[in-house]
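For reference, the structure discussed in these notes is given below.
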Amino acid sequence: MNTVLAAGWTGHDTRLIGATLLAIAVIVVLITKVKLHPFLSLVLGSLVLGLTAGMPITDVIKKFSAGVGSTIASVGILIALGAMLGKLLADSGGADQIVDTVLGKARGAALPWAMALVAALIGLPMFFEIGLVMLIPVVLLAAKRTGKPLMLVGIPAVAGLSVLHGLVPPHPGPLAAAGALNANVGITLAFGLLVGIPTVIVAGPLFGKVAARLVPEAQPPERLIPERADTDKPRPSFAATLTTVLLPVVLMLAKALSDILLGKDTQARKILDFVGDPLIALLAAVLVGMVLLGRPAGLGREKLSTVVGDSLGPIAGITLIVGAGGGFKQTLVDAGVGDVITGLAKDAHLSPLLLGWLVAVAIRLATGSATVATVSAAGIVAPLAAGMDPSHSALLVLAIGAGSLFFSHVNDAGFWLVKEYFGLSVGQTLKSWSVMETLISVVAIALILPLSLVV
């Protein structure tokens with residue numbers, strides 16, 4: 001202990017680290033054992049952190065509330081717009097159009113790659129759970145019609161969804177981490193796609209072949225295989241659907257490029273900064289989608305209003321979780337925990353990217369929630385991003401996102417969704433889905449670390 005104190009470690013530092021570990025343990029126990037909702041668990045964990053760290057009770061409440069407010073203000077609107085776009089895509093038949101068009105051109109060995117592409121296109125504007133529910137019928141139907149092993153078809157689909165969920169805005173985790181680290185969302189999106197594409201390839205079509213051998217007996221559950229769709233129902237064209245899905249991606253990438261290539265005072269830079277702001281880009285996609293997707297599907301004004309309104313209910317819970325995660329982050333920062341973590345990282349000469357990944361891995365394994373792992377880890381390592389350039393702060397967001405996907409197991413809702421939809425046992429789900437999630441996490445960080453050396 002004397003050696004540690006001589007190196008600059010103080011009793012106050014010990015108290016802060018102990019408070020952090022206790023708070024995380026409280027959150028873990030409440031979520032996994034007590035089965036308390038993650039929102040309530042994060043609120044209680046933040047109170048434990050602040051009080052144990054010695055903050056006055058009134059300051060704990062104020063700091064937590066401020067963190068919730070700033071996070072909801074910056075991320076909540078984007079989550080809502082993303083949900084609206086996803087709902088429009090689903091209810092108009094645009095998602096079906098993407099699936100039918102891509103799968104219609106896939107034959108034989110190309111099928112797993114087509115499934116990964118479908119998942120990536122649908123997964124861009126949709127949350128993981130929504131995309132999974134939409135894709136499962138397609139996966140099961142494709143496996144039945146082609147006679148291909150279920151894992152060969154299913155793993156690429158869920159890999160595509162999972163990678164986008166963990167690494168690519170406008171998904172809640174990456175958005176929340178970008179907000180906590182003051183990272184540029186456009187640059188994060190660009191690097192997320194750069195890292196995500198090879199990660200999907202490895203964990204999707206390539207690992208799908210291995211998973212098919214590991215779980216050869218997996219069969220599509222007959223009760224979940226959908227009946228033939230009503231081909232008379234009007235729906236938007238593939239071009240209109242693709243335009244709507246990719247519009248926010250193109251606008252945000254254009255802004256990221258303009259930040260690098262154009263001067264701050266140029267008119268083009270100002271325009272691209274405006275239209276490429278995540279809020280404007282997603283708002284534009286929703287408005288364009290109401291026309292390009294809604295009109296061909298015969299959705300009138302009243303129906304469009306209903307569709308948009310119905311999209312908000314399912315995302316209320318995740319918005320509150322992200323907000324509470326922001327409150328937990330702010331409590332960590334104001335208690336001084338971040339400064340202690342920064343000092344530890346510097347003394348240990350540990351890469352901030354690797355530290356962010358490891359912290360997210362630990363919280364993911366404990367809580368089962370990728371979103372909780374992302375927002376909590378981002379709060380813990382936020383001080384490390386203070387002196388980073390935009391490229392490296394974006395890569396820190398991705399490193400945390402990659403860690404948040406590590407080894408999904410029985411405390412993760414996604415684990416049980418995949419198990420039930422694919423009709424697997426717990427052991428089969430561990431050998432397929434859990435290994436795939438671990439592969440995504442490891443491949444992503446293996447790409448992020450060397451990328452940080454060249455940007």
Side-chain angles (χ1 to χ4, degrees), residues 28-29 31-35 38 111-112 115-116 119 123 128-129 131-144 146-166 199-226 357-358 360-373 402-446:
V28 169
V29 170
I31 292 175
T32 60
K33 301 296 183 183
V34 183
K35 305 301 180 186
L111 183 60
M115 293 304 304
F128 176 80
E129 290 82 1
L132 182 63
V133 170
M134 288 183 56
L135 272 182
I136 286 299
V138 179
V139 170
L140 300 182
L141 193 59
K144 181 179 180 180
T146 61
K148 298 284 186 183
L150 179 58
M151 291 294 100
L152 187 66
V153 179
I155 286 295
V158 292
L161 285 177
S162 187
V163 168
L164 290 167
H165 173 68
T199 302
V200 170
I201 290 173
V202 173
L206 296 183
F207 175 67
K209 296 179 181 179
V210 178
R213 293 196 293 270
L214 292 174
V215 191
E217 63 275 22
Q219 295 293 329
E222 288 291 336
R223 60 186 175 83
L224 296 178
I225 298 176
W357 183 78
L358 289 171
V361 166
I363 299 174
R364 159 68 158 183
L365 288 172
T367 66
S369 170
T371 303
V372 170
S404 76
L405 298 176
F406 192 90
F407 195 72
S408 164
H409 60 97
V410 294
N411 62 356
D412 177 20
F415 178 92
W416 297 104
L417 277 173
V418 171
K419 174 189 176 299
E420 295 303 318
Y421 275 124
F422 283 177
L424 305 174
S425 67
V426 170
Q428 290 171 332
T429 312
L430 287 170
K431 288 192 291 185
S432 54
W433 161 258
S434 299
V435 173
M436 182 209 78
E437 287 283 87
T438 305
L439 192 58
I440 289 173
S441 182
V442 172
V443 170
I445 192 63

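Atom set for the values below is all heavy atoms of this structure, side chains included, hydrogens, waters and symmetry mates excluded.
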Is a side-chain N or O of [X] found less than 3.5 angstrom from the main chain of [Y], in a donor-acceptor match?
X	Y	answer
Ser432	Gln428	yes
Thr438	Ser434	yes
Arg364	Ala373	no

Please round to the nearest 0.5 Å and tell me the distance separating atom [atom1] of [X] and atom [atom2] of [Y].
X	Y	atom1	atom2	answer
Ile155	Leu206	CD1	CG	12.5 Å
Phe207	Ile440	CZ	CD1	9.5 Å
Leu439	Leu405	CG	CG	11.5 Å
Leu150	Glu217	CG	CD	11.0 Å

> Do you know which of Val435, Val442, Leu365 makes side chain to side chain contact (heavy atoms under 4.5 Å, CB included) with Phe407?
Replying inline: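 Among Val435, Val442, Leu365, the one that satisfies the side chain to side chain contact (heavy atoms under 4.5 Å, CB included) with Phe407 is Leu365.
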>> With side-chain contact (heavy atoms from CB on, under 4.5 Å) as the criterion, how do Trp433 and Leu424 come out once you've worked through the C-alpha distance, each side chain's angles and the decisive distance to 0.1 Å?
In response: CA-CA 10 Å; Trp433 161 258; Leu424 305 174; 6.0 Å; no
Would you name the heavy atoms of [X] and [Y] that are closest together and state the gap between them?
X	Y	answer
Met436	Ala203	CG-O, 3.5 Å
Pro156	Ala119	O-CB, 4.5 Å
Ser408	Phe415	OG-CB, 3.6 Å
Ala402	Ala444	CB-CB, 3.7 Å

> Among all residues two or more places apart in sequence or in another chain, which pass the side chain to side chain contact (heavy atoms under 4.5 Å, CB included) test with Ala212?
Replying inline: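 Checked Ala212 against side chain to side chain contact (heavy atoms under 4.5 Å, CB included); matches are Pro149, Met151, Leu152.
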> Is it true that atom NZ of Lys419 has more than 12 heavy atoms of other residues, nucleotides or ligands lying nearer than 6.0 Å?
Replying inline: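 Yes, NZ of Lys419 has more than 12 neighbouring heavy atoms, counting only those of other groups under 6.0 Å.
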